[in-house]
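Here is how names work: the chains are called A, B, and so on, in the same order as the sequence lines, proteins then strands, and each is numbered from 1.
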There are 2 protein chains.
Amino acid sequence: MIEFSSIRKEGLSVQIANAIRTAIIDGHLVVEERLPSEAELSERFEVSRSTVREALKRLAAQNLIRSERGSSGGAFVNRITHDEAQESLVTTLRLMIGMNNIAFEEAIESRFTLESACLGLAANRRSDDDLADLRAELQHQRSGSISDEDFCASDVAFHSIIGRSTGNPLLAFQMAGAVEAMQPLMNMLVYRLRDRQRITDLHAAIADALEAKDADAAWQHLEALASYTRELADQRRAPRLNGPKVGNGAAPEPASV
Amino acid sequence: MIEFSSIRKEGLSVQIANAIRTAIIDGHLVVEERLPSEAELSERFEVSRSTVREALKRLAAQNLIRSERGSSGGAFVNRITHDEAQESLVTTLRLMIGMNNIAFEEAIESRFTLESACLGLAANRRSDDDLADLRAELQHQRSGSISDEDFCASDVAFHSIIGRSTGNPLLAFQMAGAVEAMQPLMNMLVYRLRDRQRITDLHAAIADALEAKDADAAWQHLEALASYTRELADQRRAPRLNGPKVGNGAAPEPASV
DNA sequence: AAACATTTAATTGTCAGACATTTATACTTT
DNA sequence: AAAGTATAAATGTCTGACAATTAAATGTTT
C-alpha cells in the first residue's frame with residue numbers, strides 16, 4: 001500500500017475521497033487492488049470510521065471502487081464496466097442538457113454531427129453482423145404494433161449500432177451515450193404513424209447505403225433524417241403559440257395519439 | 001415535497017440514493033430546491049441518519065446535490081456548472097480508456113473524428129473572438145520557453161477553442177472533454193523541439209483555414225496533424241522493442257498473450 | 001431609531017461504540 | 001472425504017452525542 005499524505009482543510013471526508021481518488025487515477029492503486037479496511041483507513045487518516053465510510057461512498061458513487069462484505073471483503077478498485085461508464089456518461093450529458101440552457105436544436109445538431117462523423121467510418125468498416133443488427137431493428141420498427149416507447153428504444157438502438165459499426169469502441173461509446181442521453185428529448189416528439197413510417201424509411205436508406213459502403217449516400221439520408229427531426233420539433237412548437245397556454249412544458253404526452 | 005415510496009431490497013443507502021436521484025432526474029425536484037433535512041429524511045425513509053447521510057454523499061459525488069451547513073442549510077438540488085460537468089465527463093472517459101483496453105490508435109481516431117466533425121461547423125461559424133483566442137494559443141505555443149506541460153495544456157486549449165467555435169455548447173463540451181481526457185495519452189509522446197514546431201505549424205494552418213472559412217483546407221491540415229500524431233506514437237513504440245526494457249510498462253503489457 | 005453585539009435555533013459534520021449481516025476459512029463430526 | 005459448524009474479519013446499520021456553521025431573532029448601546 002501507499003502512504004497517504006496528511007490532510008488539512010475542507011470537509012474531511014471530501015479530502016479523504018480526493019486522496020484516494022488521486023491514488024487510483026494516478027495508478028498507485030491498480031484495478032482489483034484491495035484498499036485497507038475501513039478500520040485501518042480511519043487509523044491511517046486519524047478520523048472516525050463514519051468519515052472514512054462517507055469518503056468511500058463518494059468513490060463508490062463514481063464507480064471508482066466497489067465494496068464487498070464478508071471476511072475477505074473490503075473496498076476494491078473497480079474495473080468499470082462498459083455499462084457503468086455509459087450510464088455515467090448519459091447522466092452527465094443529461095444534466096448538462098437539462099441545466100445549462102441547451103436548446104433543442106443544439107442538442108439535435110450535436111447528435112447528428114457526431115453521427116455523421118461516425119457514418120464516414122462505418123460505411124467503410126461495418127461488418128455483416130452490424131448490418132444484420134441494423135436490419136433487425138428496422139424490422140422491429142416496421143412492425144406497427146410496437147408502442148411509442150419501444151419505437152424510441154429501437155431508434156436509440158439503431159443509431160447506437162451505427163456507432164458500433166465504426167469499429168472504434170470509444171466512438172461507439174460516445175455515440176451511444178449521446179443518443180441515449182437525448183432520448184427524453186426525442187420522446188417529446190409525437191410520433192404519428194406517418195412519422196414513424198418516414199423515419200423508418202430513412203433508417204432503411206441509411207442501412208442500404210452502409211451495405212453498399214456508400215458514405216455519401218448515407219450522409220445524404222442522415223441529413224434528411226436530421227431535417228425531418230427538426231421539422232417535427234418545429235411542428236410541435238408552432239401550433240402551440242396560438243393555442244391555449246401549455247401547463248407544464250416538461251411533460252407533454254398528449255393524451256393519446 | 002414529494003412522497004418517496006418505501007424501500008425494500010439491496011443496500012438501504014443505495015436505494016435511498018436511487019429514489020432521490022430518480023426524483024431529481026424526473027424533475028420532481030427542481031434545481032435549487034431544498035431537500036428535507038437529514039433528520040426528516042431518516043424519519044421519512046425509516047432509517048438512521050447515517051444511512052441517509054451515505055445516500056446523500058453518493059448524490060453529492062455525482063454533483064446532483066450540494067450540502068450547506070448552518071441554520072438555513074440542507075441539501076439542495078445542484079445546478080451543475082459547466083466545469084463540474086466537464087470534470088465528470090473527463091473522469092468517465094479516462095476510466096473508459098484506462099480500463100477497457102482502448103488502444104492508443106482508437107483513442108486518437110475517436111478524438112480526431114469528433115474534431116473533424118466540429119471543424120465543418122466551425123469553419124462557417126467561428127467568431128472573430130474565437131479566431132483571436134486561437135491566435136493567442138498559437139503565440140503561446142511558439143514561445144520556445146514554455147515547458148512540456150504548458151505546451152500540452154495549450155494544445156488542449158487550442159482544440160477546445162475549435163470545439164467552441166462551432167457555436168454549439170454541447171459539441172464544445174464533448175470536444176473539450178475528449179481532448180482533455182486524452183491529455184495523459186498525448187503527454188506520453190515525447191515532444192522534441194522539432195515536433196513542437198511541426199505541430200504548431202499545423203495548428204497555424206488550421207487557424208488560417210478557419211479564418212478563410214475554408215473547411216476543406218482545415219480538414220486537410222487536421223488530417224495531417226492526426227497522421228503526424230500517429231507517427232509520433234509509432235516512433236515512441238518501435239525503437240523500444242530493441243532497446244532496454246521499459247521500467248514501468250504502464251501501457252504496453254503484451255508480455256503474455 | 002439605527003447600528004452593532006449577542007444569543008438562539010436549525011442543520012450539517014464528526015465521533016464513538018454497539019450490534020447485524022455477510023463471507024471465507026478453519027475445524028469438527030459423521 | 002463430505003458435510004456441517006464455529007470463528008473471524010469485514011462491511012452495513014443504528015443510536016446518541018457533540019462540534020461547527022450559519023441565519024435569524026434578540027438585546028444593547030449610541
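- As rounded to whole Å, 15 Å separates atom C1' of D:dA9 from atom CD of A:Glu43.
- Remark: B:Gln62 engages B:Arg21 in a side chain to side chain donor-acceptor pair (under 3.5 Å) (not counting sequence neighbours).
- Applying the side chain to side chain donor-acceptor pair (under 3.5 Å) rule to A:Ser165 yields no partners; only residues at least two apart in sequence or on another chain are considered.
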What protein N or O atoms touch nucleotides 11-15 of chain C N or O atoms at under 3.5 angstrom, if any, and at what distances?
| residue | atom | partner | partner atom | Å |
| --- | --- | --- | --- | --- |
| C:dT11 | OP1 | B:Arg34 | NH2 | 3.4 |
| C:dT11 | O4' | B:Gly70 | O | 3.2 |
| C:dT12 | OP1 | B:Glu38 | N | 3.4 |
| C:dT12 | OP2 | B:Glu38 | N | 3.1 |
| C:dG13 | OP2 | B:Arg53 | NH2 | 2.3 |
| C:dG13 | OP2 | B:Lys57 | NZ | 3.1 |
| C:dG13 | O5' | B:Arg53 | NH2 | 3.1 |
| C:dG13 | O4' | B:Arg69 | NH1 | 3.1 |
| C:dG13 | N7 | B:Arg49 | NH2 | 2.8 |
| C:dG13 | O6 | B:Arg49 | NH1 | 3.3 |
| C:dT14 | OP1 | A:Leu12 | N | 2.6 |
| C:dC15 | OP2 | A:Ser48 | N | 2.9 |
| C:dC15 | OP2 | A:Ser48 | OG | 3.2 |
| C:dC15 | OP2 | A:Thr51 | OG1 | 2.5 |

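- The ring pair (Phe, Tyr, Trp, His ring centres under 6.0 Å) analysis of residues 51-70 of chain A, with sequence neighbours excluded, yields no pairs.
- Partners of B:Arg69 according to the side chain to side chain donor-acceptor pair (under 3.5 Å) rule, which considers only residues two or more places apart in sequence or in another chain, do not exist here.
- Here salt bridge (charged side-chain N to carboxylate O under 4.0 Å, His left out) pairs that include residues 82-97 of chain A, with residues two or more places apart or in two chains, number zero.
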